[in-house]
Q: 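Please find one structure pasted underneath; my questions will follow.
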Amino acid sequence: MPLLRAERVRVEYGQIAAVAEVTLEVDAGEIVALLGPNGAGKTTLLNTLGGLLRPSAGRVFFDGRDITRIRGDLVARRGISLVPEGRGIFPALSVEDNLRMGGYWAGEEYAQRFDRVVEYFPVLAERRRQQAASLSGGEQQQLAIGRALMSQPRLLMLDELSLGLAPRVVAELFAILRRIHAGGTAVLLVEQQVPQALALAQRVYVLQRGRVVLSGTSAEVGADAAALSAAYLGDGAARKGERRDAAAHVRRDQDRLDIVELETLTVPLSVRDKRALQVLADRTGEPAGALVGRLIADHVAGERDRTDGAREASA
């Protein structure tokens with residue numbers, strides 16, 4: 001029996017289905033990655049599994065019990081903790097008060113839970129009296145994870161762990177996730193850093209427009225570069241050749257999964273900019289990745305035309 005099972009879950013915003021009949025499972029002690037482009041429904045699905053949203057159809061089971069209609073705080077008591085996108089810490093409170101909020105029903109076990117959390121994140125013990133807003137981005141993410149761990153979850157769900165963080169910090173957090181998993185906690189991870197997610201997870205689900213379009217082990221999903229890039233760029237873009245630009249080669253080296261990207265362009269975006277980009281993509285009917293690629297190509301072509309024109313005028 002899986003630890004978590006979602007059966008044909010559907011979540012609607014008005015007449016729009018953000019999640020359309022998604023079925024997924026997470027076994028005890030397993031790491032599962034949930035991938036897909038912006039607007040695919042990943043955050044909505046996590047919030048539904050965590051009891052923050054109610055599905056319009058489908059059921060959610062945790063440890064064999066139906067939790068579809070129970071409140072978020074009761075879901076947390078059952079053993080599911082969610083680290084939301086943007087961290088969701090209480091900036092005006094101290095580090096320790098944030099951790100107390102995560103373990104507010106811990107009672108006499110609070111000290112033991114605190115000690116275990118700071119084993120993973122020693123900086124939180126050093127900064128325990130410090131206001132949470134004064135922490136760096138990486139430290140705030142540590143605090144968000146630590147707060148979630150204070151409830152001693154059996155399943156830890158993380159939404160966009162790497163958002164806005166430097167690569168070095170992201171690598172450190174992924175290493176800590178491995179330790180948390182080794183301690184017996186199952187993990188469901190939403191992540192835009194595809195190579196890191198594939199290297200961490202045992203199994204993967206890929207969402208596109210609210211539906212699971214690809215699933216399997218991390219090796220299987222990573223090896224199917226065409227299907228993976230099509231999920232991010234859309235089938236039409238893939239047929240036009242943009243699939244080639246986003247494709248990845250996957251290799252196994254001493255049981256470690258690495259991704260070598262053929263062409264990579266990293267564009268840092270704030271959460272606000274990401275949402276604005278998704279709105280524009282929705283209006284044009286293009287996947288966000290295809291829209292960005294087209295805008296960049298148009299800009300480069302325009303600059304090239306202006307340069308060529310200037311050269312001709314000066315000749």
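Numbers here are sequence positions counted from 1. The model shown is predicted, which means the values in this text are computed figures rather than measured ones.
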Q: Are the side chains of Leu163 and Glu85 in contact, using a 4.5 Å heavy-atom criterion?
A: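 SC-SC contact between Glu85 and Leu163 confirmed.
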
Q: Please check: side-chain N/O of Thr44 versus main-chain N/O of Gly41, any donor-acceptor pairing under 3.5 Å?
A: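 No; judged by distance alone, with no hydrogens or angles, the pair does not exist.
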
Q: Between Lys42 and Leu35 (side chain of the first, backbone of the second, donor and acceptor by atom type, cut-off under 3.5 Å), is there such a pair?
A: no

Q: Connecting only ILVMFWY residues whose side-chain heavy atoms lie within less than 4.5 Å of each other, what is the rest of Leu93's hydrophobic cluster?
A: Phe90, Met101

Q: I need the minimum non-hydrogen distance between Val22 and Gly210, along with the two atoms involved.
A: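 Closest approach of Val22 to Gly210, heavy atoms only: CG2-O, 3.3 Å.
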
Q: Between Arg8 and Glu21, does any NZ, NE, NH1 or NH2 come within less than 4.0 Å of an OD or OE carboxylate oxygen?
A: yes

Q: Distance-only check: which donor-acceptor pairs under 3.5 Å involve side-chain atoms of residues 168-175, not counting sequence neighbours?
A:
from	atom 1	to	atom 2	distance (Å)
Arg168	NH1	Glu172	OE2	3.0

Q: On a heavy-atom basis, which atom in Arg147 and which in Gly88 lie closest, and how many Å separate them?
A: NH1-O, 2.9 Å

Q: Just list the side-chain donor-acceptor pairs under 3.5 Å for residues 132-141, sequence neighbours left out, or say none.
A:
from	atom 1	to	atom 2	distance (Å)
Ser134	OG	Gln130	NE2	2.8
Ser134	OG	Gln131	O	2.6
Ser136	OG	Glu139	N	3.3
Ser136	OG	Glu139	OE1	3.4
Glu139	OE1	Arg127	NH1	3.0
Glu139	OE1	Ser136	N	3.0
Glu139	OE2	Arg127	NH1	3.1
Glu139	OE2	Arg127	NH2	3.4
Gln140	NE2	Leu135	O	3.1
Gln141	NE2	Leu161	O	2.9

Q: Restricting to side-chain hydrogen bond (donor to acceptor under 3.5 Å, both in side chains), what partner residues turn up for Arg179, sequence neighbours left out?
A: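 Partners of Arg179 by the side-chain hydrogen bond (donor to acceptor under 3.5 Å, both in side chains) criterion come out as none, since no residue qualifies.
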
Q: Could you tell me which non-hydrogen atom of Ala231 sits nearest to which non-hydrogen atom of Val206, and how far apart they are?
A: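 In this case the closest contact between Ala231 and Val206 is CB-CG1, 3.5 Å.
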
Q: To the nearest 0.5 Å, what is the distance between OH on Tyr205 and CG on Leu214?
A: 11.5 Å

Q: Find the distance between OH (Tyr120) and CG (Leu149) and round it off to the nearest 0.5 Å.
A: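 Those atoms lie 7.0 Å apart.
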
Q: Between Leu49 and Leu82, is there a side-chain heavy-atom distance shorter than 4.5 Å?
A: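 No, every pair of side-chain atoms sits at 4.5 Å or beyond.
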
Q: Got Val117 and Leu124 here, is their nearest side-chain heavy-atom distance under 4.5 Å?
A: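 The answer is yes; the side chains approach within 4.5 Å.
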
Q: If you define the side chain from C-beta out and look only at heavy atoms, does anything of Leu3 sit under 4.5 Å from Val26?
A: no

Q: Treat each ILVMFWY residue as a node, draw an edge where side-chain heavy atoms are under 4.5 Å apart, and state whether Val212 and Leu198 are in one component.
A: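 No; Leu198 is not reachable from Val212 via cluster members.
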
Q: So, Glu12 and Arg10, do they make that salt bridge, N to O below 4.0 Å?
A: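 Salt bridge flag = yes for Arg10 with Glu12.
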
Q: Do Asp224 side-chain atoms and Glu220 backbone N/O form a donor-acceptor pair below 3.5 Å?
A: no

Q: Please tell me if the side chains of Leu200 and Arg178 come closer than 4.5 Å, counting only heavy atoms from C-beta onward.
A: yes

Q: Are Val187 and Leu165 grouped together when hydrophobic residues (ILVMFWY) are joined by side-chain heavy atoms under 4.5 angstrom apart?
A: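 Val187 clusters together with Leu165.
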
Q: Consider only side-chain heavy atoms of I, L, V, M, F, W and Y, link residues closer than 4.5 Å, and tell whether Leu189 and Val32 are in one cluster.
A: no

Q: Looking only at heavy atoms, which two atoms of Leu24 and Leu45 are closest? And how far apart?
A: CD2-CD2, 3.6 Å

Q: Look at the side-chain heavy atoms of Ile, Leu, Val, Met, Phe, Trp and Tyr, link any pair under 4.5 Å apart, and say whether Leu4 and Leu156 land in one connected group.
A: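 No, because Leu4 and Leu156 fall into different hydrophobic clusters, even though each may have its own neighbours under 4.5 Å.
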
Q: Sequence neighbours left out, cut at 3.5 Å: what donor-acceptor pairs do the side chains of residues 58-65 make with other protein atoms?
A:
from	atom 1	to	atom 2	distance (Å)
Arg59	NE	Asp66	OD2	3.1
Arg59	NH2	Asp66	OD2	3.1
Asp63	OD2	Arg154	NH1	2.9

Q: Applying side-chain hydrogen bond (donor to acceptor under 3.5 Å, both in side chains) as the test, list every pair that has at least one member in residues 25-37; sequence neighbours left out.
A: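 Listed once each, the pairs are Arg5-Glu25, Glu30-Arg203.
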
Q: Side chains of Glu191 and Gln196, heavy atoms from C-beta outward: is any pair under 4.5 Å?
A: no

Q: Counting only N and O atoms by type, is there a donor-acceptor contact under 3.5 Å from the side chain of His181 to the main-chain atoms of Gly29?
A: yes

Q: Looking only at heavy atoms, what is the nearest atom pair of Val19 and Val9, with distance?
A: CG1-O, 3.4 Å

Q: Supply the atom-to-atom distance Arg77 CZ to Ile67 CD1, rounded to the nearest 0.5 angstrom.
A: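 Answer rounded to 0.5 Å: 15.0 Å.
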
Q: Is the side chain of Ser218 donor-acceptor paired with the backbone N or O of Ala201 at a distance under 3.5 Å, no angle test?
A: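 Yes, because the side chain of Ser218 sits within donor-acceptor range (under 3.5 Å) of the backbone of Ala201.
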
Q: Quick one: are Val11 and Ser56 in side-chain contact, heavy atoms under 4.5 Å?
A: no

Q: Which heavy atom in Ala148 sits nearest to a heavy atom in Pro153, and how many Å separate them?
A: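 Of all heavy-atom pairs spanning Ala148 and Pro153, the closest is O-CD, 3.5 Å.
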
Q: Quick check for you: to the nearest 0.5 Å, what is the distance between Arg87 atom CZ and Gln142 atom CD?
A: 10.5 Å

Q: Under a 4.5 Å cut-off applied to non-hydrogen side-chain atoms, are Ser162 and Gln193 in contact?
A: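 They are in side-chain contact.
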
Q: Measure the spacing between CE of Met150 and CD of Glu109 and express it to the nearest 0.5 Å.
A: 10.0 Å

Q: Would a hydrophobic clustering, with Ile, Leu, Val, Met, Phe, Trp and Tyr connected at side-chain separations under 4.5 Å, put Leu143 with Leu158?
A: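 Per the 4.5 Å side-chain linkage, Leu143 and Leu158 are co-clustered.
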
